[in-house]
Amino acid sequence: MAKRPQKKNESTRKVTDLEKDTSDGMDQKLTTAQGLPINDNQNSLKAGLRGPALLEDHILRDKITHFDHERIPERVVHARGSGAHGYFQVYKPLAKWTKAGFLNDPARRTPVFARISTVAGFRGSTDLARDVRGFAVKFYTDEGIYDLVGNNVPVFFIQDAIKFPDLIHAVKPEAHHEMPQAASAHETFWDFISLMPESMHTIMWLMSDRAIPRSVRMMEGFGVHTFRFVNEQGKSSFVKFHWKPLLGVHSVARDEATKISGKDPDFHRRDLWEAIENGDFPEWELGVQIVDAKDEHKFSFDLLDPTKLIPEELVPVQRVGKMTLNRNPDNFFAETEQVAFHPGHLVPGIDLTNDPLLQGRLFSYVDTQLTRLGGPNFNELPINRPLAPVHNNQRDGHMRHTIAKQHINYEPNTLGGGCPYQAGMKNGGFTSFPEPMEDMKVRAKSEKFMDHFSQAKLFYNSQSKPEQNHLINALRFELGKVDTPAVRERMIGMLAYVDAQLASAVADAFGIEVPEVEMPLNQSIPADTPPAEVQPYDEEPMVKRSKALSMADTIKDTIRTRRVAILADESGAAQAKALKTALEAEGAMVKVVAPMKHADADLTLMTTTSVVFDAIAVVGREPWVDLPDAQDFVRDAFRHCKAIAMIGDAGTLFDAWGMKDALKAPGVLSAPQAKALAQDFIRDIAAHRHWAREEDPVTGKKG
Ligand code: HDD
């Protein structure tokens with residue numbers, strides 16, 4: 001009897017009846033979908049040895065028909081994503097603000113499934129595209145499913161859902177030739193953006209290094225909209241949700257991102273998968289910013305405007321719980337592809353606001369699942385089913401799984417004993433917050449939505465110098481891909497409202513002057529309106545810079561899961577081993593890279609590249625000095641500001657390769673023995689990148 005080997009990380013979770021995979025038994029005879037054992041899986045049924053295939057071949061047709069229908073439509077946005085299972089645990093009850101059960105019981109581990117995605121690219125596109133990242137978390141709570149469907153950027157491009165199809169059409173590959181893939185660096189995107197001043201804040205984030213994360217494990221997440229908490233007494237407060245990664249927030253360099261896209265387009269997916277397989281479970285703390293209902297109008301901006309964040313200096317982020325992702329999916333399609341999120345999946349204690357972007361989303365998500373997953377029963381797919389029991393009178397439809405065992409399918413009834421009955425508030429029934437409402441029907445926004453630049457400015461001002469340089473270079477790159485000068489000029493005009501120096505630094509790259517600022521066509525703000533300032537909140541001082549918006553001071557105290565390459569041939573094996581031992585003791589993932597494979601080498605120069613590592617070490621000079629691949633390896637690591645350790649006489653390679661004075665650059669070490677520099681190297685790797693190297697007039701060009 002043929003036995004299937006157990007997979008390394010095979011799931012041990014309880015499988016419900018509906019979810020049972022009948023192919024999962026250990027006696028694995030090959031069968032058709034109907035369970036008919038197959039005798040021959042190599043030959044179709046033919047009329048004679050050299051004859052035509054017979055239509056009668058039900059086994060062939062069973063197999064090919066299923067294969068022909070293996071694909072479902074990819075998501076219209078966020079098509080490319082990676083998912084993982086885990087759990088969430090609150091630190092202490094949040095009863096003061098919310099009655100949500102999973103936010104009130106510190107003993108409870110609520111199962112979650114998180115899917116992290118890019119927005120613009122197709123399903124097979126690169127992970128390292130410059131893009132916003134989706135950060136969607138499904139909580140399987142005792143009170144039903146709660147979905148927090150956010151992004152790694154706290155604000156959005158547009159204020160009203162009616163603009164979403166325009167935004168997405170503009171950023172996706174252009175309609176006539178379907179190019180470029182997974183890139184905002186093209187004309188239609190910037191044409192649209194140059195006419196949408198409300199996008200400028202999110203554009204600052206998109207052009208910053210936040211849009212090229214080092215790892216999805218090192219990314220923040222945000223609920224973006226202002227939501228409501230509602231407590232047991234029916235009192236409501238406003239809440240903004242944050243996910244704070246315990247590994248800190250880190251990004252790669254722009255040139256590095258484009259190279260990773262070629263060398264390993266699955267870089268983020270692989271990184272997440274491997275970390276979980278290795279037991280390095282990614283963790284995020286859930287943060288909340290709470291605004292008392294009475295303070296709703298105290299801000300200079302409207303809490304309902306999704307292009308605004310609440311500076312942490314005005315309302316601190318309180319860390320209230322932790323999410324741990326600890327299990328990879330068993331099957332990508334069944335779980336990561338079929339998972340269906342929806343901002344309207346709520347539990348009692350969490351409610352919506354009138355944010356016009358959120359309101360439109362409430363329609364879009366179920367609507368899109370109907371096409372993507374083929375009908376209204378997607379809630380019954382194993383990954384989407386709540387753990388809480390489901391009792392209702394929904395029946396039938398495409399691909400219904402549930403076999404409803406009783407014929408009473410209406411409410412009220414007596415024949416079914418009145419079941420299922422309305423829970424009522426006392427029994428955990430969901431009640432929408434009774435927000436008073438009486439107004440005119442209008443197509444308009446509140447006046448506070450019209451300040452489009454203050455927070456774009458706040459973000460730009462809060463960046464460190466290297467971050468600002470990166471942002472300028474990203475804009476130079478993106479606008480350099482625009483063919484129509486008028487689009488570029490309009491964009492530079494828009495940048496002038498954010499920061500004059502930023503605008504002129506970008507304009508310089510095109511040899512043009514910052515144009516006279518003309519206000520775009522579809523906005524009602526007069527052209528001479530100066531950018532508004534962030535106003536005091538509750539008499540607090542104005543926020544001009546916000547520390548939380550920069551990655552410069554993020555957590556930099558660990559080299560856990562950092563990837564380090566040690567270039568060593570057989571003659572350097574002992575030094576490589578000593579360094580590897582020291583780094584692995586701190587949790588780094590170390591690979592020895594050699595010119596040719598030998599017993600102690602994990603990889604060769606042919607099979608890897610320095611862009612997929614966080615730091616490199618080189619042992620000795622001779623094996624490398626005449627190898628162009630070795631030179632590229634070191635040059636890239638240097639250019640991308642990574643920690644570099646030169647061991648033995650490896651330091652002399654810099655001179656040989658024309659990298660004069662590189663040894664003096666920050667983050668570069670040299671010593672005769674690995675032991676002598678191991679501790680300093682660990683410190684330099686933990687610092688993530690040594691951006692100051694970009695500014696060094698001796699060793700490298702800026703940016
Ligand atoms: Fe959306 C998917 C996040 C605005 C319409 N969105 C989707 C996903 C995330 C977000 C993380 C992927 C979920 C997954 O992994 O399956 N979307 C956001 C955020 C927004 C936002 C944070 C603004 C704050 N989205 C938005 C608007 C609309 C949509 C305004 C439409 C009016 N989003 C969709 C969608 C998608 C989607 C078309 C595609 C696939 C899906 O829903 O399931 O319905």
Side-chain angles (χ1 to χ4, degrees), residues 72-85 112-123 127 131-139 145 147-172 196 198-199 201-202 205-206 210-211 216 219-227 240-243 268-269 272 303-309 325 329 332-345 352-374 378-379 381 383-384:
I72 60 171
E74 68 173 30
R75 288 167 174 82
V76 61
V77 281
H78 297 266
R80 167 100 186 153
S82 302
H85 295 270
V112 299
F113 185 79
R115 183 174 179 275
I116 294 172
S117 45
T118 51
V119 179
F122 294 179
R123 219 186 112 176
D127 282 343
D131 202 349
V132 169
R133 299 301 187 283
F135 197 121
V137 182
K138 188 177 283 297
F139 297 77
I145 296 280
D147 285 345
L148 183 51
V149 198
N151 282 339
N152 77 328
V153 166
V155 284
F156 204 66
F157 297 93
I158 48 169
Q159 295 174 320
D160 190 310
I162 202 165
K163 298 307 301 165
F164 192 67
D166 298 301
L167 167 73
I168 300 306
H169 288 172
V171 73
K172 283 264 181 180
M196 296 295 291
E198 69 199 52
S199 296
H201 186 195
T202 303
W205 286 79
L206 182 68
R210 300 263 185 164
V216 303
M219 239 173 54
E220 285 182 305
F222 303 90
V224 182
H225 312 283
T226 304
F227 290 92
K240 289 263 194 200
F241 292 111
H242 298 246
W243 290 112
H268 284 157
R269 177 172 291 180
L272 178 65
L303 283 182
L304 303 182
D305 175 356
T307 67
K308 305 296 187 311
L309 51 81
L325 298 182
F332 183 91
F333 181 83
E335 300 177 274
T336 311
E337 194 58 15
Q338 294 201 120
V339 67
F341 294 93
H342 173 30
H345 289 159
L352 307 163
T353 59
N354 300 332
D355 174 338
L357 191 72
L358 175 59
Q359 294 280 318
R361 293 181 73 192
L362 294 173
F363 165 73
S364 182
Y365 287 72
V366 170
D367 187 46
T368 207
Q369 312 309 349
L370 293 177
T371 302
R372 198 168 72 78
L373 298 168
F378 60 85
N379 293 319
L381 293 169
I383 193 67
N384 294 325

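Just so you know, ligand 1 is whichever comes first in the structure, and atom 1 is the first atom listed for that ligand.
Of all heavy-atom pairs spanning F139 and V137, the tightest one is CE1-CG1, 3.7 Å. Contact record, R123 with A79: CG-O, 3.4 Å, taken as the closest heavy-atom pair.
A salt bridge links K163 to D166: one of the charged nitrogens lies within less than 4.0 Å of a carboxylate oxygen.
The CD1 atom of I145 sits 8.5 Å away from the CG atom of N379 when rounded to the nearest 0.5 Å. With rounding to the nearest 0.5 Å, the separation of CG in D305 from NE2 in H201 is 10.5 Å. Atom CG of D160 is separated from atom CG of L358 by 11.5 Å, given to the nearest 0.5 angstrom. H342 NE2 to N384 CG: the interatomic distance, rounded to the nearest 0.5 Å, is 12.0 Å. Rounding to the nearest 0.5 Å gives a distance of 7.5 Å between CG of N151 and OG of S117.
Taking every non-hydrogen atom of F135 and a distance limit under 4.0 Å, the qualifying atoms of ligand 1 come out as 11 (C). Near V149, meaning under 4.0 Å from any of its heavy atoms, are these atoms of ligand 1: 3 (C), 9 (C), 10 (C), 11 (C), 22 (C). Of all the atoms in ligand 1, the ones that sit under 4.0 Å from a non-hydrogen atom of H78 are 2 (C), 3 (C), 6 (N), 7 (C), 8 (C), 9 (C), 10 (C), 11 (C), 12 (C). Shown in contact with L357 at under 4.0 Å from a heavy atom are these atoms of ligand 1, numbered in order with element: 23 (C), 24 (C), 30 (C). Each of the atoms 38 (C) of ligand 1 lies under 4.0 Å from some heavy atom of V76. Heavy-atom contacts of R115 reach the following atoms of ligand 1: 14 (C), 15 (O), 16 (O) (cutoff under 4.0 Å). Interface of F341 with ligand 1, defined as ligand atoms under 4.0 Å from a residue heavy atom, comprises 13 (C), 14 (C), 15 (O), 16 (O). Close approach to G134 involves these atoms of ligand 1, each under 4.0 Å from a residue heavy atom: 11 (C).
Contact annotation: F363 has no heavy atom less than 4.0 Å from any atom of ligand 1. Ligand 1 has at least one atom lying under 4.0 Å from a heavy atom of G150.
Relative to the six-membered ring of F341, K138 meets both conditions, a distance below 6.0 Å and an angle of at most 45° to the axis.
Of the candidates K240, Q359, R361, R361 is the only one forming a side chain to side chain donor-acceptor pair (under 3.5 Å) with H225.
The nearest heavy-atom contact from the protein to atom 18 (C) of ligand 1 is R361 NH2, 3.0 Å. The single protein non-hydrogen atom nearest to atom 31 (C) of ligand 1 is F164 CD2, 3.3 Å, given as residue, atom name and distance. Looking only at heavy atoms of the protein, atom 5 (C) of ligand 1 is closest to S364 OG, 3.3 Å.
Within the set Q369, R75, R372, the minimum heavy-atom distance to atom 43 (O) of ligand 1 is found for Q369.
Atom CZ of F363 is surrounded by 12 or fewer heavy atoms from other residues, nucleotides or ligands within 6.0 Å. In the displayed structure, L370 atom CG is contacted under 6.0 Å by more than 12 heavy atoms of other residues, nucleotides or ligands.
The proximity of Y365 to ligand 1, defined as any non-hydrogen pair under 4.0 Å, involves the side chain as well as the backbone. Of the heavy atoms in V224, only side-chain atoms (C-beta onward) come closer than 4.0 Å to ligand 1. Here H342 has no heavy atoms under 4.0 Å from ligand 1, in either its backbone or its side chain. In V77, the parts holding a heavy atom less than 4.0 Å from any atom of ligand 1 are both the side chain and the backbone.
At under 3.5 Å, not a single nitrogen or oxygen of N151, backbone or side chain, sits near a nitrogen or oxygen of ligand 1.
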